[in-house]
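For reference, positions follow the sequence shown, starting with 1.
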Amino acid sequence: IIGSIPMFRGGKYYNTSLIVRPSKEISMYDKIHLFGMAGEGKQYTPGSRSTVFDVNEWKIQTQICYDLRFPYTTYNQPNKDVIIYCANWPVKRIHHWKQLLIARAIENQCYVLGVNRIGIDANGYEYNGCSMIIDYNGTVLAELGNQEEGKTVNLEKVIMAQFRESLPFLKDRIQ
């Protein structure tokens, strides 16, 4: 189970992504990039590092919303199989959401899952979902609209590894 919630720790609030593994072990990631236009930095403390977690033999990196605009947070974390973004991207910037998710998949040669909210918030901003699953080559495998219940997609680690081997761009990455 993966999701993000506000958490109060050490006298500070963080926008935190939680991963609960089948073993019931819990890992956390604190959002690094706070959305200044919404005053997020007045309420939350930024996290200090990005982390890759092992879940059922998959290396998963979680990111939160605005982190998507900063590719170095994923690019500088090698050896991941999946990046998951939990987000609140409004309709007026949904084109950016889609394109940036695809870019993160291509540049990291991994699966990217973008989970975006639906509905209208207290400020009147509309959210239409557009949750997506994208493969390591930038191909959209699934996209959910505003009212869709869900879809099932099988992620294939062996095929992803073969793709990475055939186009070994990640080996040229500067750490």
Fill in: Electrostatic pair Lys157:Glu57 at N-O distance under 4.0 angstrom
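No.
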Worksheet entry | Carboxylate-amine/guanidinium contact Asp81 Arg164, below 4.0 Å |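 Looking at Arg164 together with Asp81, the answer is yes, because their closest N to O distance falls below 4.0 Å.
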Identify whether [X] and [Y] are in the same connected component of the hydrophobic contact network (ILVMFWY, side-chain heavy atoms under 4.5 Å).
X: Phe35; Y: Tyr72; result: yes
X: Ile159; Y: Leu141; result: yes
X: Phe163; Y: Phe169; result: yes
X: Ile1; Y: Ile84; result: no
X: Val140; Y: Leu113; result: no

Item to complete: Kindly determine whether Gln61 and Asn108 satisfy side-chain contact (heavy atoms from CB on, under 4.5 Å), including the steps that lead there.
Response: CA-CA 11 Å; Gln61 182 179 18; Asn108 289 285; 5.9 Å; no
Discussion item. Does Gln99, at its CD atom, have more than 12 non-hydrogen atoms belonging to other residues, nucleotides or ligands within less than 6.0 Å?
Written reply: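 Check passes, neighbour count above 12.
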Worksheet item: Quick check: are there more than 12 heavy atoms from other residues, nucleotides or ligands sitting under 6.0 Å from NZ of Lys59?
Response: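 Open.
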Are any of the side-chain heavy atoms of [X] and [Y] separated by less than 4.5 Å?
X: Asp135; Y: Met160; answer: no
X: Arg104; Y: Pro71; answer: yes
X: Tyr29; Y: Asp67; answer: yes
X: Arg9; Y: Thr16; answer: yes

[atom1]/[X] to [atom2]/[Y] distance, rounded to the nearest 0.5 angstrom?
X: Ile134; Y: Thr139; atom1: CD1; atom2: OG1; result: 9.5 Å
X: Trp97; Y: Cys65; atom1: CH2; atom2: SG; result: 7.0 Å
X: Ser50; Y: Asp30; atom1: OG; atom2: CG; result: 11.0 Å
X: Tyr44; Y: Lys31; atom1: OH; atom2: NZ; result: 8.5 Å
X: Leu34; Y: Ile64; atom1: CG; atom2: CD1; result: 9.5 Å
X: Ile60; Y: Cys110; atom1: CD1; atom2: SG; result: 10.5 Å

Which atom of [X] lies closest to which atom of [Y], heavy atoms considered:
X: Met132; Y: Leu101; result: SD-CD1, 4.0 Å
X: Tyr111; Y: Glu156; result: OH-N, 2.8 Å
X: Tyr85; Y: Ile83; result: CE1-CG2, 3.4 Å
X: Ile118; Y: Asn128; result: CG2-C, 3.9 Å
X: His33; Y: Glu40; result: O-OE1, 4.3 Å
X: Val82; Y: Trp58; result: CG2-CE3, 3.7 Å

Is it true that the side chains of [X] and [Y] contain a donor and an acceptor less than 3.5 Å apart?
X: Asp121; Y: Tyr127; answer: yes
X: Asn15; Y: Tyr66; answer: no
X: Asn116; Y: Ser131; answer: no

Item to complete: Check whether any side-chain N or O of Glu143 sits under 3.5 Å from a backbone N or O of Lys98 as a donor-acceptor pair, and report yes or no.
Response: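 Looks like no, no N/O pair under 3.5 Å.
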Worksheet item: Between Ile32 and Phe70, does a side-chain contact (heavy atoms from CB on, under 4.5 Å) hold up when you go through it step by step?
Response: CA-CA 10 Å; Ile32 293 172; Phe70 303 91; over 6 Å; no
Discussion item. Let's go through Ile2 and Phe53 carefully: what are the C-alpha distance in whole Å and the side-chain angles of both, what is the deciding distance for side-chain contact (heavy atoms from CB on, under 4.5 Å) to 0.1 Å, and is it a yes or a no?
Written reply: CA-CA 12 Å; Ile2 299 173; Phe53 306 99; over 6 Å; no
Discussion item. Is there a side-chain hydrogen bond (donor to acceptor under 3.5 Å, both in side chains) between Gln63 and Thr74? Walk through the geometry before answering.
Written reply: CA-CA 8 Å; Gln63 298 280 279; Thr74 55; 5.8 Å; no
Discussion item. Run the side-chain contact (heavy atoms from CB on, under 4.5 Å) test on Ile19 and Val55 for me, step by step, so that the C-alpha distance in whole Å, both residues' side-chain angles and the decisive distance to 0.1 Å come before the verdict.
Written reply: CA-CA 9 Å; Ile19 296 176; Val55 179; 4.0 Å; yes
Discussion item. Is it the case that the ring center of Tyr13 lies less than 6.0 angstrom away from the ring center of Phe8?
Written reply: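 Yes, the ring centres sit under 6.0 Å apart.
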Worksheet item: In terms of the angle between their ring planes, are His96 and Trp89 parallel, tilted or perpendicular, with boundaries placed at 30° and 60°?
Response: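 Rings of His96 and Trp89: perpendicular, as their planes differ by over 60°.
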